[in-house]
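See below for the structure under consideration.
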There are 2 protein chains.
Amino acid sequence: MPTVANLLNHQCLLAARPQGAIKDSDFKFSSASVAQPGPGQLLVQNRFISVDPAMRSWMNDGKSYMEAVSIGEVMRAAGAGYILRSEDPRFQVGDAVTGIVGVQEFSVLEAKDAVKVDTGAAPLASYLNLLGIPGFTAYFGLLEVGLAKAGETVLVSGAAGAVGAAVGQIARIKGCRVVGIAGGPEKCSYLTQTLGFDAAVDYKSPDARKLLAQACPDGVDVYFDNVGGKILDMALSRLRMRARVVICGAVSQYNNTERGEGPRNYMSLLMYRARMEGFVIFDYAPRYAEAQAQLSQWLASGELRSQEDVLDGLAAFPSALRRLFEGGNTGKMLLRLGTDAATT
Amino acid sequence: MPTVANLLNHQCLLAARPQGAIKDSDFKFSSASVAQPGPGQLLVQNRFISVDPAMRSWMNDGKSYMEAVSIGEVMRAAGAGYILRSEDPRFQVGDAVTGIVGVQEFSVLEAKDAVKVDTGAAPLASYLNLLGIPGFTAYFGLLEVGLAKAGETVLVSGAAGAVGAAVGQIARIKGCRVVGIAGGPEKCSYLTQTLGFDAAVDYKSPDARKLLAQACPDGVDVYFDNVGGKILDMALSRLRMRARVVICGAVSQYNNTERGEGPRNYMSLLMYRARMEGFVIFDYAPRYAEAQAQLSQWLASGELRSQEDVLDGLAAFPSALRRLFEGGNTGKMLLRLGTDAATT
């Protein structure tokens, strides 16, 4: 068992509740001795930190589906790494695990909250992407909330992001016609050329509305919304009868200092007898294994493509998070930490 | 069979597409000879004209769930009256019927579009209220879209109006806790004292938010929305987990010259895993008889109370319609026409 007594753990703490866009000064970098795991705990050296839009809401005070991170606390994050020390018989040193590790190099996790993953079956990063929460979110959101069926038209926003790309690909596998909304011609051709979407709409185009109408001439049966704001409104104007609108996120709104605008076209729900429904993926935890088995199979067969957008080093965290809100990423945004333990 | 050749039919025509609030000059009164019914048609003398919020949208050009009334055309309206002449063997002179009669004294209806009603079982006006579209709207909206169950809290806006009063009373009969939103202390005490609501919230009160929180301390399982706008937003802030928001109408928004604000709090749908769904009552036409049988029984037993707000004479139509949007009515807004045929 390696000695960890003299390891230093570099950490990223929440320093301030951001007003509007995230600033470097909203975080503070610090270091502490690596904590020793107690009975039933694991010491994990983190290799990937998951950078997610939901982080923005954890930084705010106030009511959400999860409590806020306190000022001075290590910023909350999911991540993946390798066990350095185990005080639980179900885990061995060297095992790969995922969990809520925080934005730091080393984490002490409760063994019951850690998930062992098989890096022989898929790369570690995939367990933070298609084989993790983004994949599960797409899977249950599209199929259980959106009730997408073969032959239907599925429209997804944030389509080049982790969840959006998964939604579109799963819809394609299920026999749907798939249209993605993304920012810029590069992302749009990535959707159609690489991921097999039927069409893509560049929301930054001045003709976005017209392009959407052309891409969905018969309207939309399922709209999976990751972004909110004007794009949600535009999508609501294209519903078909009995359409389902899945509210997964609203990345365009998270930086608002005041509550953003609501969807002005919500009366489309009446005209088209449509439904708009929100969900939180954690409710599906008892069924993650089912989703992971199916997604692994599609990944292995090449039907699903897992793409990550990786920045290196803990210090890149504020930039990585901003990149999400600027629509800079293609694929799952991750922070990669060095393979060698930083020793003092 | 009475001779109708020399009867004059007073009519209210749509004269202009209103900008904002309805003006007298948006309508034009005119008269024409009473038309003769052809084979399969009925000549009906109208006794009640139904005055409905949906009329406002029929006056606008543009996409809705029903086509617009043309300028110069008799204003579309549901109504009830007695048959003066029948060219269909299923109907007799003197039968009471309901149908889309228009805002006029006499109508020629296709027999297949007319519904014979039993004025021995309930007063004629009830067939435009609890035993007609408003009652069916409340019944299917609350039970089939809202899925209200005994023990749940049901919140309804426009609660002193025809649909709202029916929603609240049906919810009470089904064993729900019922809270109504209405304008002014008089309507609020009508809800609790006369209709048996558990609580009422006066949206005109500066403390409306606090009153709503007090009236729904554990939140709302079903919110039935007739009004839209700020009240919808306020209700969205009080949802319980897995709440259902039924979008029936948006009477606060119909006079807007621009599209109104959307519900800023729609992300409550995510936080509370809630659903917002629109419906149009005409989809339930094959099941009207089921609703009418149940509603008739409740009406006969005194569990349901049918209230109408009646103005007399065709000329009162613009005022009656405005009254709806000013929140002036308590119960179903109706226009009553004289019992004697106006002859030249």
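What's counted below: heavy atoms across the whole structure, side chains too, no hydrogens, waters or symmetry copies. Every value quoted in this text rests on a predicted model; they were computed, and no experiment measured them. Each chain gets a letter, A, B and so on, in the order the sequences are listed, and its residues count up from 1.
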Completion exercise
If one checks every heavy atom of B/Ala250 against chain A at 4.5 Å, the contacting part turns out to be both
Exercise for the section: Please check if atom CD in B/Glu67 has more than 12 non-hydrogen atoms from other residues, nucleotides or ligands closer than 6.0 Å. Expected result: no
Practice task
Check A/Gly228 against B/Tyr266 and note the closest heavy-atom contact, atom names and distance.
Solution key: CA-OH, 3.4 Å
Problem - CE-CE distance between B/Met66 and A/Met271, expressed to the nearest 0.5 angstrom - result: 14.0 Å
Practice task
Flag yes if more than 12 heavy atoms outside A/Lys210 fall under 6.0 Å of its NZ atom; otherwise flag no.
Solution key: no
Handout entry: Smallest separation among heavy atoms of A/Leu270 and B/Ile247, with atom names
Key = CD1-O, 3.7 Å
Exercise for the section: Applying side-chain contact (heavy atoms from CB on, under 4.5 Å) between B/Arg275 and each of A/Arg275, A/Met276, A/Arg244, report the one that passes. Expected result: A/Arg275
Handout entry: Validation row: B/Arg273, A/Val280 side chains within 4.5 angstrom (heavy atoms)
Key = yes
Handout entry: chain A contacts, top residue of B/Gln253, B/Arg264, B/Arg242, B/Met267 (heavy-atom pairs, under 4.5 Å)
Key = B/Arg264
